[in-house]
Structure formats: structure tokens, C-alpha cells
Number of protein chains: 2
Amino acid sequence: MKLETNNLKDVGLKVTIPRVKILKILEQETNNKHFSAENIFNILLDDGDDIGLATVYRVLTQFETAGLVIRHHFESENSVFELNNGKHHDHIVCIKCGKVEEFFDDIVEIRQQKIAKRLGYILTEHHLNLYGLCSSCKN
Amino acid sequence: MKLETNNLKDVGLKVTIPRVKILKILEQETNNKHFSAENIFNILLDDGDDIGLATVYRVLTQFETAGLVIRHHFESENSVFELNNGKHHDHIVCIKCGKVEEFFDDIVEIRQQKIAKRLGYILTEHHLNLYGLCSSCKN
DNA sequence: ACTACTATTGATAATGATTCTCAATATCAT
DNA sequence: ATGATATTGAGAATCATTATCAATAGTAGT
């Protein structure tokens with residue numbers, strides 16, 4: 001039994017063609033692991049698969065609910081989705097080419113907890129997105 | 001000449017009734033200085049002002065372009081606007097009551113610069129939003 | 001492998017926030 | 001006050017996303 005099939009079964013989703021294909025796309029090892037629904041829809045089209053856009057949205061939302069993927073909102077743009085590898089990280093986005101890189105910084109994480117505590121909050125989540133010009137685009 | 005009138009003149013916008021009224025709302029000293037377009041539209045309605053929603057959006061966008069206000073996107077919600085007081089800060093949002101508080105932390109700021117540098121980026125902007133339960137809501 | 005039950009899909013309509021269009025109106029320099 | 005030009009209000013248009021619903025596919029039990 002293939003990996004994708006297992007993942008789906010594990011989270012209680014039936015193994016259907018759209019789900020398997022979308023999961024495969026998300027698992028691709030590309031230079032950008034962040035996909036919009038439209039992105040995925042177009043990749044499926046190029047592959048000759050006949051899967052509706054509504055299904056792509058539905059499946060991505062189900063994957064999010066199941067914890068298989070994480071949804072992000074960079075700037076004011078559309079939702080983008082990435083496979084959830086279980087390791088928390090934040091993002092830096094190139095404002096020119098759109099490249100998204102991940103990073104994790106202990107000091108920032110600890111500091112956030114301190115800030116929340118000082119203000120009397122129980123911290124449940126945070127979003128830290130850095131925006132700038134990547135090494136290729138800054139020239 | 002009133003304060004609002006000055007602000008508008010300074011950024012090269014004609015002094016019109018909608019602009020003055022919207023600016024006054026944004027300048028209110030309330031416990032939440034973050035307004036959605038709809039918020040402002042409703043406040044205007046309650047005040048008996050007959051200003052269209054399209055105008056509210058237009059004026060807020062003009063204020064943003066002029067640097068008078070800053071637009072934020074918390075979670076996946078609508079745009080919210082706050083008066084730009086010139087001092088950079090980040091936000092912590094209560095996921096229950098929606099309260100928004102501001103904070104500034106030097107250590108986080110410095111750390112962000114370091115992270116960007118390490119990854120080869122020129123940092124132009126960042127968004128740090130913390131989410132949690134505020135002191136009133138955590139009980 | 002076959003059936004039957006139920007979940008899933010695809011196409012399209014609906015939604016909600018925001019922006020656009022355009023004729024009517026208001027602002028401001030003269 | 002007048003005229004040139006910017007702004008407004010109302011409603012249409014847009015865009016991403018979600019809901020609807022009849023047709024189809026997955027799966028457990030035989």
C-alpha cells in the first residue's frame with residue numbers, strides 16, 4: 001500500500017483519486033512547497049486529470065482539518081497550503097519572485113511566550129512572516 | 001483649522017465630509033483602535049451620516065496610500081485599519097473577544113534582522129501576530 | 001466479485017469582501 | 001461666485017472561496 005493511501009486512511013478519509021493526486025502534488029520535492037488551490041488545480045490540468053476546482057478546495061480544507069496540511073495567508077494574498085511535517089516553523093517570503101523559505105528561531109519563540117505572558121495572555125498560536133528581497137532578487 | 005483638516009491637507013487630499021468623519025472615527029480614543037471598513041460604515045450610519053460603503057473603502061485605501069493609516073490582516077479575517085502613529089509595533093489578538101493589543105519588542109526585532117541576513121534577504125517588512133486568550137477571556 | 005449504503009465528486013450557483021463604473025455633486029484656486 | 005477637476009453614492013462587477021445537488025465511486029459485508 002502506497003504512502004499517500006496510508007496517510008489518508010490514518011486520518012479517516014476514503015482513498016479517492018482526487019485525494020491521492022492532490023496529496024502527491026503536495027509531497028513533491030520542489031523548490032517551493034507552498035501551493036494555492038489554483039496552483040494545484042493547474043498542475044492537475046497539466047497532468048490531464050479531470051478534477052474540479054471545487055474538489056481541490058474541498059480536499060485541501062479536509063486535509064487541513066485532518067492536520068495533514070497547514071494553510072497560510074501571506075500578505076493579502078490567497079490561501080497557500082503546505083504539507084504539515086509536524087515541525088513548527090515561520091516563513092520568509094521574497095516580495096519579488098514569491099519564493100517562500102522556512103526558518104525556526106528559538107529566541108523568537110521564547111520571546112513570544114514572554115510577551116504574551118507579560119500582557120496576561122495564554123498564547124495559542126502565532127504568525128511570523130518576514131518579507132524582503134531574496135539573494136537572487138536583491139541585485 | 002482642525003486637526004483632521006490639517007492631516008488631510010498635508011497628504012494632498014481634499015477636505016471632504018466623508019474623509020473628515022472617517023478620520024475622526026479613527027482618531028477616537030477607544031479600547032480598540034482597529035476598525036474594519038464595515039465597522040466604520042456602521043458607526044457612520046449610527047451617527048446619521050449618509051456615506052456609502054464604497055466611499056469608506058476608497059477613503060481607507062487613500063489613507064493607507066498616504067501613510068495615514070496601516071492596514072492589517074489578522075488570521076483570515078477582513079482588513080482592519082488603524083491610525084499610523086509612526087511607531088512600529090506588532091499585535092496580539094484575543095481569539096475569543098477579538099481585542100487587539102499592541103506591543104514592541106527589541107529582541108524580536110533584532111532577531112528578525114539576523115534571520116533575514118543569515119538567509120541572504122534584505123528585509124523590507126514583517127508581520128508578527130500573536131493569538132491567544134486575553135486576561136479577561138482565559139477564565 | 002456483487003450489493004448496498006454512504007461519502008465524494010463535478011458543475012454550477014451562491015456568497016462575501018472589496019473594487020469599479022459613471023453620472024451627479026462638492027471642493028478649491030482664481 | 002465660477003469653472004475645472006476631484007469626489008461621491010449606488011449599484012454592478014470581480015475574485016476567491018463555499019454551498020448545492022444529482023450522478024458516481026469507495027468500501028464493508030456477503
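Basis for what follows: all heavy atoms, side chains included, without hydrogens, waters or symmetry-related copies.
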Worksheet entry | Out of dT17(D), dT7(D), dT18(C), whichever nucleotide has its closest atom nearest the side chain of Ser79(A) | dT17(D)
Response to the item:
In whole angstroms, the gap separating C1' of dT18(C) from CG of Asn78(A) amounts to 14 Å
Worksheet item: To the nearest angstrom, how far is Gln62(B) atom CD from dC20(C) atom P?
Response: 12 Å
Worksheet, complete the sentence: Only residue of Gln112(B), Lys114(B), Arg111(B) satisfying side chain to side chain donor-acceptor pair (under 3.5 Å) with Asp105(A) is Arg111(B)
Worksheet item: When you look at CD1 of Ile17(B), are more than 12 heavy atoms from neighbouring residues, nucleotides or ligands closer to it than 6.0 Å?
Response: no
Worksheet item: CG of Leu60(B) versus P of dC20(C): gap in Å, rounded?
Response: 15 Å
Worksheet item: What string of B, S and - do you get for nucleotides 19-30 of chain D, 5' to 3', if B is base contact, S is sugar-phosphate-only contact and - is no contact with any protein heavy atom under 4.0 Å?
Response: BB-----BS---
Item to complete: From the options dT19(C), dG9(D), dT18(D), select the nucleotide whose nearest atom is closest to the side chain of Thr61(A).
Response: dT18(D)
Worksheet item: Can you tell me if Arg58(A) and Thr55(A) form a side-chain donor-acceptor pair at under 3.5 Å?
Response: yes
Worksheet item: Roughly how many Å is it from CG in Asp50(B) to P in dT25(C), rounded to a whole number?
Response: 14 Å
Worksheet item: Within this structure, what is the CG-to-P distance between Leu53(B) and dT18(C), rounded to whole angstrom?
Response: 9 Å
Worksheet item: Does the ring centre of His91(A) sit less than 6.0 Å away from the ring centre of His72(A)?
Response: yes
Item to complete: Report yes if a side-chain nitrogen or oxygen of Tyr57(A) is closer than 4.0 Å to either non-bridging phosphate oxygen (OP1 or OP2) of dT18(D); otherwise report no.
Response: no
Worksheet item: Is it true that Arg71(A) and Glu64(A) have a side-chain N and a carboxylate O under 4.0 angstrom from each other?
Response: yes
Worksheet entry | Closest listed nucleotide, where the reference is the side chain of Ile51(B) and the choices are dT17(D), dG9(D), dT8(D) | dG9(D)
Discussion item. Whole angstroms only, please: what is the NE2-P distance between His73(B) and dA16(D)?
Written reply: 15 Å
Item to complete: Could you tell me whether Lys99(B) and Glu101(B) make a salt bridge, using a distance below 4.0 angstrom between a side-chain N and a carboxylate O?
Response: yes
Worksheet item: Please walk me through it: do Glu109(B) and His88(B) pass side-chain hydrogen bond (donor to acceptor under 3.5 Å, both in side chains)?
Response: CA-CA 10 Å; Glu109(B) 298 291 324; His88(B) 166 70; 3.0 Å; yes
Item to complete: State whether Thr55(A) places a side-chain N or O below 4.0 Å from either non-bridging phosphate oxygen (OP1 or OP2) of dT9(C).
Response: no
Fill in: Whole-Å gap separating P (dA7(C)) and CG (Leu8(A))
17 Å
Worksheet item: Quick one: Glu64(A) CD to dT18(D) P, roughly how many Å, whole number?
Response: 9 Å
